[in-house]
Amino acid sequence: MTLAAERPADTALVEVRGVQHVYGKGGGSGLLVLDNVDLTLEPNEIVGLLGRSGSGKSTLLRSIAGLLKPTAGTVSVKDMPGDDTAHGVSMVFQSFALFPWLTVLGNVELGLEAQGVHPDERRKRSLAAIDLIGLDGFENAYPKELSGGMRQRVGLARALVVQPSVLLMDEPFSALDVLTAETLRTDLLDLWCEGRMPIRSILIVTHNIEEAVLMCDRILVFSSNPGRVIAEIKVDLPQPRKRLDPAFRALVDDIYARMTARATPAAGNRDGLFPGTGIGMALAHISTNTLAGMMEALAGAPNNGKAELPALASELQLEADELLPIAETLQLMRFAEIEGRMIRLTAAAKRYVNAEVDERKQLFAQNLLAYVPLASHIRRVLDDRASHQAPARRFRDELEDFMSEDYAEETVNAVVDWGRYAEIFAFHEDMDQFSLDDPA
């Protein structure tokens, strides 16, 4: 049984109400990243924010940490009544965020120094935190002398030493190799269940479905573009949890289905499965080799044209955040259909898999021009111009009316890659320009 079940519940530690966040250029309409998000974090629980990259999870976490101010809505962080030891929030980052010129001890002491804690007390508390997270003996080592897992332990000690009420964790294991991540995740859960950490609750951002089910008491599933809470799932499985437990697998499968579900299109909606599709649709930059490889994997044994997404992720050793953009790009181009947790190849994809190189390119070009509006828009502009040339900046500027600069860049890069492969236009990187110099 987790320690969370043994602690008395009290008032909520974090309350988020109607939070909205818009990124954008001055004077522009901006990009809606979070829309009307509500969240409550109670004492004695681990809550996971689960969703794809770009769903606004980290933006929400930074709003709770006070690093960002939401465009609308409120964020309230409270201390537990009668608790004089734990206050506020502390954060563990994905990228370790250590100062390379400071030792392990120096990095851990930093937060206490900012609080004006006396040097003797600062050292005492920091050494205790270093011992707690398993780095006793490395106090005088520098970050460059440590492995990735050890550096993340330093980040955890630095967060814990200030004795926060709430520990915020932003994909803390995603930069680590699989075995190191598993060890650190297990050690963290052990510390939590044994009540050895000076915190009351944990809020963790992840895109790893199994990680969320392993760690969390509740999971909030986010949609993308914009980020909204589409499901709240209570995890009643006892700790320690086992990945092969049928109940564990069933919950993982259910979350896959929720993350791939699309709203039923309204009557008369010409966009069908892709509401809002147009040149302003953000695209994931998935290489044509990856798309072809996924179709071939689905077409071959044991899948024979269809597979459950969780099983496919396991077969290909992909996380949900890696698999879903590939699957959804295939669906966008009508090479696959996704229903619940099942993905099936279309007739066009089966023809593609069995075709020779030139026929593959022709099939890809047909679907690219038919179903990816930005690709057909670029080709139309090139056809209409006497020079058959157009600067890529023109299309990025159009996209930035709908999305951030980073998303616009990725979207253009995706279409460049796909268009070159399909030979529907050429792209000259040195001039940053599209042309019809080399089309089929």
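This one's a predicted model, so the numbers in the text were calculated from it and none came from an experiment.
- Within 6.0 Å of atom CZ in F138, 12 or fewer heavy atoms from other residues, nucleotides or ligands are found, so the atom counts as exposed in its surroundings.
- Within the model, atoms CD1 of I338 and CG of L309 stand 6.0 Å from one another, a figure rounded to the nearest 0.5 Å.
- Within the model, atoms CG of D38 and CZ of R17 stand 5.5 Å from one another, a figure rounded to the nearest 0.5 Å.
- Atom CZ of residue R334 and atom CG of residue N367 lie 8.5 Å apart, to the nearest 0.5 angstrom.
- Side-chain contact between L39 and L49 is present, with at least one heavy-atom pair separated by less than 4.5 Å.
- Proximity of a side-chain donor or acceptor of S201 to a complementary backbone N or O of E42 within less than 3.5 Å is detected.
- Between M294 and T329, every side-chain heavy-atom pair lies at or beyond the 4.5 Å cut-off.
- Within the 4.5 Å cutoff, no side-chain heavy atoms of T206 are placed close to those of F173.
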Step by step, would you call M197 with W192 a side chain to side chain contact (heavy atoms under 4.5 Å, CB included)?
CA-CA 6 Å; M197 292 192 294; W192 169 256; 3.7 Å; yes
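- Here the side chains of M150 and E145 are not in contact, with every heavy-atom distance at 4.5 Å or above.
- Annotation for Q317: atom CD does not count as buried by contact number, only 12 or fewer foreign heavy atoms lying within 6.0 Å.
- Panel note: side chain Q433, backbone H428; no donor-acceptor pair is recorded below 3.5 Å.
- When every heavy atom of P100 is checked against every heavy atom of Y142, the shortest pair comes out as O-CD2, 3.6 Å.
- Proximity of R241 to V235: side-chain heavy atoms (C-beta onward) are separated by under 4.5 Å at one or more points.
- A side-chain donor-acceptor contact under 3.5 Å links S90 to the backbone of A159.
- What you find for I230 and S223 is that their closest heavy atoms are CG2-CB, 3.5 Å.
- Residues L291 and W418 have side chains in contact (heavy-atom distance under 4.5 Å, counting atoms from C-beta outward).
- Here CZ of F93 is found 6.0 Å from CZ of R62. Values are rounded to the nearest 0.5 Å.
- One finds the CD atom of Q239 at 7.5 Å from the CG atom of L214 (value rounded to the nearest 0.5 Å).
- Pairs of residues two or more places apart, or lying in two chains, that qualify as salt bridge (Lys or Arg N to Asp or Glu O under 4.0 Å) and include a residue from residues 179-191 are R153-D187, E182-R185, E182-R243, R185-E211.
- Scanning both residues, V89 and A65, for their nearest heavy atoms gives CG2-CA, 3.9 Å.
- When every heavy atom of L146 is checked against every heavy atom of A141, the shortest pair comes out as CD2-CB, 4.0 Å.
- Two residues are said to be in side-chain contact when any heavy atoms from C-beta on lie closer than 4.5 Å; I64 and L41 fail this criterion.
- In this structure, the separation between CG on L68 and OG on S63 is 5.0 Å, given to the nearest 0.5 Å.
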Step by step, work out the side chain to side chain contact (heavy atoms under 4.5 Å, CB included) result for R394 and F434.
CA-CA 10 Å; R394 173 246 170 95; F434 291 96; over 6 Å; no
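- Shown here for F248 and L237, the closest heavy-atom pair between the two residues is CA-CD1, 3.8 Å.
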Evaluate L368 against M333 for side chain to side chain contact (heavy atoms under 4.5 Å, CB included), listing each step before the verdict.
CA-CA 6 Å; L368 179 62; M333 296 182 67; 4.0 Å; yes
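- N303 places a side-chain N or O within 3.5 Å of a backbone atom of A297 that can act as its donor or acceptor partner.
- Applying the ring-ring contact (aromatic ring centres under 6.0 Å, His included) definition to pairs two or more places apart or across chains, those involving residues 322-345 are F335-Y352.
- At a threshold of 4.0 Å, the pair E308-R249 does not count as salt-bridged, since none of the basic side-chain nitrogens sits closer than that to a carboxylate oxygen.
- Panel note: side chain K57, backbone G51; a donor-acceptor pair is recorded below 3.5 Å.
- Residues in residues 225-239 take part in these salt bridge (Lys or Arg N to Asp or Glu O under 4.0 Å) pairs, two or more places apart or across chains: D35-R228, R218-E232.
- Side-chain N or O atoms of T288 include none that pairs as donor or acceptor with a backbone N or O of Y421 at under 3.5 Å.
- In terms of modelled atom types and a separation under 3.5 Å, the side chain of N107 and the main chain of F99 share a donor-acceptor contact.
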Show, in sequence, the C-alpha distance, side-chain angles and deciding distance for F222 and V205, and conclude whether the side chain to side chain contact (heavy atoms under 4.5 Å, CB included) test is met.
CA-CA 11 Å; F222 279 66; V205 163; over 6 Å; no
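- Side-chain atoms of T411 come within 3.5 Å of backbone atoms of L283 as a donor-acceptor pair (strictly under, hydrogens ignored).
- Between L102 and the choices V154, V108, L110, the side chain to side chain contact (heavy atoms under 4.5 Å, CB included) rule is met once, by L110.
- In terms of heavy atoms, N44 sits closest to D217 at O-OD2, 4.2 Å.
- Within a 6.0 Å radius of NZ in K361, other residues, nucleotides and ligands contribute more than 12 heavy atoms.
- Using a 4.5 Å heavy-atom threshold, the side chains of V37 and L220 count as separate.
- Classification of R396 and E409 as a salt-bridged pair holds, one side-chain N sitting under 4.0 Å from a carboxylate O.
- By the neighbour-count criterion of 12 heavy atoms within 6.0 Å, atom CD of Q115 is densely surrounded, having more than that number from other residues, nucleotides or ligands.
- Between D397 and R393, at least one side-chain nitrogen of the basic residue sits less than 4.0 Å from a carboxylate oxygen of the acidic one, meeting the salt-bridge criterion.
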